[in-house]
Every structure is written in C-alpha cells, then in structure tokens.
S.K.: 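First the structure, which I've put down as structure tokens, then a few questions once you've had a look.
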Protein chains: 2
Amino acid sequence: MDRIDAMRAFVAVVNEGSFSRAAERLDLSPQLVSKYVSRLEQHLGVRLLNRTTRRLHLTEAGMRYHQRVQQVLNDIEEMEDQLGDMQAQARGLLRISAPVSFAIRHMGPALQAFQVAHPAVAIDLQLNDRKVDILEEGFDIALRIGHLQSSSLIAKRITPVRLVMCASPEYLAKHGTPRQPEDLREHRYLRYTYMEQDAGGALYRWLRWEGRNPPGELISNNGDVLVEAAVAGGGIVLQPSFIVGDAIQAGRLEVVLTEFEPAPMALYAVYAHRQLLASKVRSFLDFINGYFGDPPYWDAFDQPG
Amino acid sequence: MDRIDAMRAFVAVVNEGSFSRAAERLDLSPQLVSKYVSRLEQHLGVRLLNRTTRRLHLTEAGMRYHQRVQQVLNDIEEMEDQLGDMQAQARGLLRISAPVSFAIRHMGPALQAFQVAHPAVAIDLQLNDRKVDILEEGFDIALRIGHLQSSSLIAKRITPVRLVMCASPEYLAKHGTPRQPEDLREHRYLRYTYMEQDAGGALYRWLRWEGRNPPGELISNNGDVLVEAAVAGGGIVLQPSFIVGDAIQAGRLEVVLTEFEPAPMALYAVYAHRQLLASKVRSFLDFINGYFGDPPYWDAFDQPG
DNA sequence: TTGATTATCTACGATTTGTTGATAAATAAC
DNA sequence: GTTATTTATCAACAAATCGTAGATAATCAA
C-alpha cells in the first residue's frame, strides 16, 4: 500500500464525508478507499473514523491526524510541483566546462542567445582544456574536442572540427610553401601540447621530433598563442579551423597542404546520462546542437566571397 | 511502491553517501534501495542522483528534493509518534454519558480515582437518562442500565443492578407489609417513568393500573425523588439497589417481597468498536469494570454488619 | 415494512514486490 | 599496467499484495 495514497484517501473521506463520494472524487472503487483507510488505521494503531453505513464521525485521533496530514500532503504536492516546474521549463544553474580557445571565440554569443531563449537558466561557464571529471566537479555539460573517455557518459556530437595547417603569407614567402608532408621537415612547427597523437593523421609523423626539443621550438597549451605566433611569421601551425578561420579569411594566414588535411575531429557535448535529463541540460543540448551550423560558420573561409 | 519508503531510501542514500550502506542501515537489500530510488526518480520525472559505482553526486533537483523531503519525513514521523503516544499512554478527552441517579451517587469518586491513575485524560461526564446516540453525539462511552440497542455497538457488562422493592418502616407499619405480589394492589406505588416492562419480572403485573392514573399517583423520571418520597412514607418504590442501598442500610427503608426480587439487570458500558480502541477508552473500561466490586459495594445491605 | 444507500467482507486474477544470481564499471593494491 | 575488490544495476522468479466484482449487513427514508 502506498501510504501517501492512503493519506489522500483518508483526507478525501473526511472532506467529502463519505467513502463512496471520496472514491468517486479520487477515481477509485469504494472498496479500495475503505481498504486504504482501514490499513492506515492499522498502521497507525488508532481508529480514525467511527463509521456507520450512513454517517462518519472523526475520533479525536482522527481529528488530529486529519489536520496534520493535510499539511503534509500539501507539502509533498508543492515539493513535487516545484520539481515538475524545473522539468517543464528550463531553470536552475547550468554548469558548463568548455575548451579555452573555443569558448573565448565562440561561446559568448551562443550563451547570450541561449539565455534569451531560456531566461530562467543561470549559466556558470568554466574554461578548461584538461578533461574535467564532470560528475566529480559538478558540471552538467562538458564541451570537448576529440572523443570521450568514460563509459558512463554520453557524448553528443555537436559540430565537426577541422584541423588546418597554415602559416602567414610572409613566412611562406620567406621559407617556401610545403607541397608534401615531408616538406614539413624543413619548417618551424608551432606545437600544441594537447594535440592528440592520431589527430594529425598523415601529417603526424612529420611533426614529431622524436622527443627531442629542437632549438628555438615553441610549445604551448594554448592555440591562440601559437596562432598569433604564426600570424607574426613564426612558423606553421596545425590548429582547428574555429581558431584560424578568421585569420585565414582576413588573409593573415594561408592554408597549406589542403589535400593532406586530417580527417575532421568533432566538438562533443558530454553529459552524465540520457534518461530523466534535467530540462536545462536538454534545452542547452538542443540549442547548441543547431547553433554553429553545418558546416559551422567559422569554416566559411572555404567558400571565399 | 510505498512512496514514503522510497523517500526514506533516498534520504538514507544521500546521508550515507552510498546505496549499500543505506541498504544496511534500512535493513533492505541494496538492489531494493536502488529500485526505490529509481522509481522515485521515474515518478518525479527528475534525476536525483548521478551515480557511478564509486561515488554519488546529487543533481540540483536532488539537492532541492533532499532538503524538503527530509522535512516532510520528519513531519510524518512526528505526527505518527504523537498518535502512538496517545495509544501508549491514555490521554485526550474522554466523553462519557451516564444515567443521572447512578452518576450522582457513584461516579464522582470513581472518576476521581480514574484520573489519579490516568492524569493525562480529561473527562466530560454528561448525565442523561435517555438513550444517547453515542456516535452522533460524540460520546466515547455511554453507561446504561438495561440492554443495548444498536448492533454496531459493543456493550460490556460492568456490574449487576438489582431492583429492590422497599418502603419506609413508618409506611409499612401504617399500611402493612405486602407478603405476596398481589398485596401490592392495596399499596401506593411510586412509579418510575423509564422502568422497562420486563424489568419488574413477576411484580410487573401488579404494578400496572392498566393505563389509568389513580388519583394521587406520583410518577417521575428521577429515581431519587421517588426514593425520597418513599423515605418520607409516601409509598412503595421499585428501584435499583444503588439508589436505595444507603437508605436501607440506614434503616430508613425496608425491603419487601425479597423472594420476588426481579432477575437482576446490569450496568453496561456501551462503546463503538472493539478494535483499535483509543487507549483512554480501553483504560476506562478496564478501570470501571473492577471498580464497583462483585457484588457491588452498594449491595452491602444484604450482609448486615 | 420495504427499498435504497452505504460500508465492508470474501474471493480471485493481475500486478507488484523483494530476492538471488549475474554483469559491468570504477577504484585500490600490487 | 594489471588484478582484485567494491559497488550499482540488470534479469528472472517465487511470493506477496493489489484492486475489482459480487455478496452481505446495516442504516435511514418513504
């Protein structure tokens, strides 16, 4: 027996003054309502109602119980309604982790647009390039480039992430434009710390220096810095198009080895589970899924015009 | 599923930080606790906990729910404890209906003694000679002389009630002492309104005047008045021994026709039901059952000395 | 009295419950 | 890195419970 249903039945019987009318109101059979109240009495060890076939009379215990149980039922209902609201319309605090360079360039307008659509959602955006433990650190969603790690997490593919190799026109004029991957040997490669081994594809083997750090090498865990260095003529970078797209379109960088472009990676939204997802999370996933376009707007350098 | 148990399980899981420890504390299998929480989530339509095999993390919804549900559970527990107390030790208001003449003479000391034994019970004693509807009028117990009427009520026999016929010595000296029932024809009978037809037994047929009201007859619905009249030499009365006992013992009345004494009636305690009886009621029934003695103390006139 | 209304009892099929054993995931220990 | 241990959950099954229908008893109105 569900004790809450039993309480509801008792309250209905008292308020309606009859088992049958209570049953009608609750959409239950009179027998069931009678059973519920009897069991409730048995559970409490107290007679709540004196009943004849014609009239009902509360006992003293029943009177006390009635008052308080009504309050309790209201509390429960209010509590559940509140949770229901959270599901019905997105609200609450949405904690997001995102890659630094990506977020700096593309998350600002996106979040602004999302919050216009969902004004009851507060957002806490934390920029991290390490792979955060979303459960442990309390994130609702982590945006990641590359693939997921934990099996208990869901990764939703949001948009492709192309890696393009490029350098400034000045640099290329001075050192020549590479035509084949092996030509990279002769160039200064501005190296990104977290570049995954398989991300470079066919290019990867030409980018390694077998652990040696060649004199004058530049390594950073921040793509922007490397790109700025490239723009300044510092060498060749292999970076996502969402970072270099603008510079390419502005003519400050030039793409090289286009035929050897690695298979695209992707931006994933990683979250904890699929069922009973909080509305704020579901809304954000839906929103971000369509936001960047396909292909994403930052890849516009492909179709110059 | 009992939602209250499910709530309890959820709270235990949160407080213990683990399903298995919660299960241990609640004395349930871990599988069941897991099931409870899952169903609770399903019912609410919200994920409450993010769980890995090693650690649990409350969702925002779970946090809100946890706080409030704990309050609700406390309320319920407190409420049930309070009712439990009412059962464990007698307390509350005990409403008793009792026959007027009996109560005036014998209930005062009885109630006093009862309340010494059960100080938390308040008593409302209403004196009525009519047969009250205990449910309708909200009585817990009605003391009655004679038998019960309603089938839904329980009547517990408390003590025998003897009806004795008596008159003052002066009256008997003047009008003679009746030796046979038929001698009553020649006497003045002081008549009690509610005397049941069968109560007088063999004497009854001699007490009727076939509807006629003989000149100078005295009728009352109060036995005390009739007894006082008899003491004053006004005639013969047929009254319960609990009324006339004192006067007999004091020599102010004399019993007549002892061999023809009607079969004893009884004092009954009538109450509404047998199961889940409120403690105050059960205590009073137990108390009153042994209080008057067997035979009751007012019948002491039988054993002079 | 009769008839209507009402609460409850009984019996039964359908559903749910709680358990056991198995599985998969996450950490600790080595 | 690999293995072992702990832990939550899944699957399946017997046992218990649930909710309904029919019957019964009790009360009140006509």
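Just the heavy atoms: all of them, side chains too, but no hydrogens, waters or symmetry mates, feed the values below. For clarity, every value in this text was computed on a predicted model and none was experimentally measured. Numbered from 1 within each chain, the chains take letters A, B, ... in sequence-line order.
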S.K.: CD of A:E24 versus C1' of C:dT5: gap in Å, rounded?
M.R.: 13 Å
S.K.: In terms of side-chain heavy atoms of B:L32, which of C:dG18, D:dG19, C:dT8 is nearest?
M.R.: C:dG18
S.K.: Let me know the distance between NE2 of A:H57 and C1' of D:dT27, rounded to the nearest Å.
M.R.: 12 Å
S.K.: Verify the distance criterion only: is there a donor paired with an acceptor across the side chains of A:D124 and A:Q126 at less than 3.5 Å?
M.R.: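 Looking only at side-chain atoms, A:Q126 and A:D124 do form a donor-acceptor pair, the distance falling under 3.5 Å.
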S.K.: Hey, does the side chain of A:S20 come within less than 4.0 Å of C:dA7's phosphate (OP1/OP2), counting only N and O?
M.R.: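 Answer is yes, contact under 4.0 Å.
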S.K.: When you check the phosphate oxygens OP1 and OP2 of C:dA7, does a side-chain N or O of A:S18 lie under 4.0 Å from one of them?
M.R.: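 Indeed, a polar side-chain atom of A:S18 lies that close.
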S.K.: In whole Å, what is the span from the CZ atom of A:R51 to the P atom of C:dC9?
M.R.: 9 Å
S.K.: Would you say a side-chain N or O of A:S34 is under 4.0 Å from OP1 or OP2 of C:dT8?
M.R.: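 Looking at the OP1 and OP2 atoms of C:dT8, one of them is under 4.0 Å from a side-chain N or O of A:S34.
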S.K.: Check whether any side-chain nitrogen or oxygen of B:T52 sits under 4.0 Å from OP1 or OP2 of D:dA8, and answer yes or no.
M.R.: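 Checking B:T52 against D:dA8: no side-chain N or O falls below 4.0 Å of OP1 or OP2.
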S.K.: Side chains of B:Q89 and B:D85: is there a donor and an acceptor less than 3.5 Å apart?
M.R.: no
S.K.: Do A:F284 and A:I96 make a side-chain contact, defined as non-hydrogen atoms from C-beta onward lying under 4.5 Å apart?
M.R.: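 They are in side-chain contact.
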S.K.: So, under a plain 3.5 Å distance rule, would you say the side chain of B:Q31 forms a donor-acceptor pair with the base of D:dA8?
M.R.: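 When only heavy-atom distances are counted, B:Q31 does not reach the base of D:dA8 through any donor-acceptor pair under 3.5 Å.
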S.K.: Nearest-nucleotide wise, let me know which of B:F19 and A:R39 is further upstream toward the 5' end of DNA chain D.
M.R.: B:F19
S.K.: What integer distance in Å separates A:K35:NZ from C:dA11:P?
M.R.: 12 Å
S.K.: Figure out the CG/C1' separation between B:L49 and D:dT9, and round it to whole Å.
M.R.: 14 Å
S.K.: I need the CD-P distance between A:E136 and C:dT27, as an integer number of Å.
M.R.: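 After rounding, the gap between these two atoms is 8 Å.
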S.K.: Check the angle between the aromatic planes of B:H66 and B:F10 and answer parallel, tilted or perpendicular using the 30° and 60° thresholds.
M.R.: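 Perpendicular, since the angle between the ring planes exceeds 60°.
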S.K.: Hey, which of these two, B:L56 or A:Y36, hits DNA chain D nearer its 5' end, going by closest nucleotide?
M.R.: B:L56
S.K.: Using whole Å, report how far CG of B:L40 lies from P of D:dT9.
M.R.: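 To the nearest whole Å, that distance equals 13 Å.
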S.K.: What is the distance, rounded to the nearest whole Å, between atom CZ of A:R55 and atom C1' of D:dA29?
M.R.: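 About 12 Å, once rounded to whole Å.
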S.K.: Is the cationic atom of B:R144 (NZ for Lys, CZ for Arg) positioned less than 6.0 Å from the six-membered ring centroid of B:Y268 and within 45 degrees of its normal?
M.R.: no
